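Report on the following structure.
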Amino acid sequence: MEGFAGRAFRWTATGAGALILAVLAAVAVFLIIRAWPAMSARSGELSEKINWFPEGQSLLQFIGPLVWGTLLAAAIALIISMPLSVGIALFISHYAPRRLANTLGYVIDLLAAIPSVVYGLWGGLWLIPKLQPAWAWLADNFGWFPPFAGPASDPPRVILSVSLVLAVMILPIITAVCREVFLQAPVLHEEAALALGATRWEMVRMAVLPFGRPGIISAAMLGLGRALGETMAVLMILSPGALYSLALLKVGQQQTIAANIALQFPEADPLGVSTLIATGLALFVITLVVNMAARAIVARRKDFSGAN
């Protein structure tokens, strides 16, 4: 029979879960209420009363390019960081000597704790000038491919530079999660593969990666969530625009939601603040959908998952 301590723990855990849902609902209600003046504004009112709002555009037309820039920067960052993160995590968990693995683990955890503004300063002051030759080479040799169409700007304050900095930012997070998932792979599965004559890589491919696939997805979504909401690094590097553009090497093409809020908020009037909160509501919905989709994918393989 369940004792008092068991019941107290059960109700405490239930209350904590309910509190999370309540906070999430409260955030959603706050965003909707504060964004409602902009959402209900008549056609043309926003551009009349807000000096930075594009002339003749509706709220949806304004938000659309920001959503596009946010998704584009985060997607490129994830594409760059995922292979590196999985490779580093595998090296730490299954290849490196234990002393080296422990040292690398500490370094990865330290990198994950660095504030985003530091990455922004590093990217804007040190990395950006060094990227110009590489981006110019891409434009000269692969300019026939629309995303790399030139000429490359100098300095390259473009979405590709931002995505590279975001990739460096989310790499430690993804690596740390993948490392812990790979370390949880059943030892008996690994030993069975090796006993059957598999090489180290074949053992990893047959025993570790299938077990860790849901965990890899969870790590990717965690990194994607940080990339979607990143503000200061984007603000300090990107030369913004408001276009549905795939041009990765040209300035003034894209902008992200979070960076636009930080850029416009200090001088925004009440209607301008409402407009910015409406864009924040769009980011909230995007993040919620991404995390729900990731959870659904992980749940499909929960019986053989290193993420649960």
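For clarity, every value in this text was computed on a predicted model and none was experimentally measured.
Contact check for L24 versus F284: side-chain heavy atoms found under the 4.5 Å cut-off. Looking only at side-chain heavy atoms (C-beta outward), L238 and I159 come within less than 4.5 Å of each other. Counting only heavy atoms from C-beta outward, the side chains of I216 and F182 approach each other to under 4.5 Å. Counting heavy atoms from C-beta on, the side chains of S245 and Q254 come closer than 4.5 Å. Taking the side chain as every heavy atom from C-beta outward, W137 and F142 approach each other to under 4.5 Å. Taking 4.5 Å as the limit, every side-chain heavy atom of I261 sits out of range of all side-chain heavy atoms of I277. In this structure the side chain of M203 reaches within 4.5 angstrom of the side chain of V208, judged on heavy atoms. Between L90 and L209 there is a side-chain heavy-atom pair separated by less than 4.5 Å.
Although no hydrogens or angles enter the test, the distance criterion places no donor-acceptor pair under 3.5 Å between the side chain of T175 and the main chain of A89. T70 places a side-chain N or O within 3.5 Å of a backbone atom of I257 that can act as its donor or acceptor partner. Distance alone, capped at 3.5 Å, is enough to place a donor-acceptor pair between the S274 side chain and the R34 backbone. A donor-acceptor pair under 3.5 Å is formed between the side chain of T287 and the backbone N or O of L283. Between the side chain of R157 and the backbone N or O of M236, at least one donor-acceptor pair lies under 3.5 Å.
Around the CZ atom of R42, the shell of radius 6.0 Å holds more than 12 heavy atoms that belong to other residues, nucleotides or ligands. When the shell of 6.0 Å around CH2 of W36 is examined, it contains 12 or fewer heavy atoms from other residues, nucleotides or ligands. Counting heavy-atom neighbours within 6.0 Å of F9 CZ, excluding the residue itself, gives a total of 12 or less. Residue Y244 qualifies as enclosed at atom OH: its count of foreign heavy atoms under 6.0 Å is above 12.
We find the CZ-SG distance between R213 and C178 to be 12.5 Å, quoted to the nearest 0.5 Å. Between atom OG1 of residue T275 and atom CZ of residue F53 there is a gap of 6.0 Å, rounded to the nearest 0.5 Å. Atom NE2 of H189 sits about 11.0 Å away from atom CD of E191, to the nearest 0.5 Å. Considering CG of L196 and CE of M206, their distance stands at 7.5 Å, rounded to 0.5 Å. For the atom pair CG of L249 and CZ of F148, the computed distance is 6.5 Å after rounding to the nearest 0.5 Å. For the atom pair CD (E190) and CZ (R200), the distance works out to 9.0 Å, reported to the nearest 0.5 Å.
A continuous path of Ile, Leu, Val, Met, Phe, Trp and Tyr side chains, each step under 4.5 Å between heavy atoms, connects Y119 with M232, placing both in one hydrophobic cluster. Both L125 and L164 belong to a common hydrophobic cluster when Ile, Leu, Val, Met, Phe, Trp and Tyr are linked at side-chain heavy-atom distances under 4.5 angstrom. Residues W126 and I128 fall within the same hydrophobic cluster, defined by Ile, Leu, Val, Met, Phe, Trp and Tyr side chains chained together at heavy-atom separations under 4.5 Å. The hydrophobic clustering, which links ILVMFWY residues whose side-chain heavy atoms are closer than 4.5 Å, places I79 and L131 apart. Side-chain heavy atoms closer than 4.5 Å link hydrophobic residues (I, L, V, M, F, W, Y) into clusters, and following such links, even through other members, never connects L183 to L194.
Of the candidates L166, I80, L111, L84, L84 is the only one forming a side-chain contact (heavy atoms from CB on, under 4.5 Å) with L171.
For the pair A262 and T231, the tightest heavy-atom approach, listed with the atom from each and the gap, is CB-CG2, 3.5 Å.
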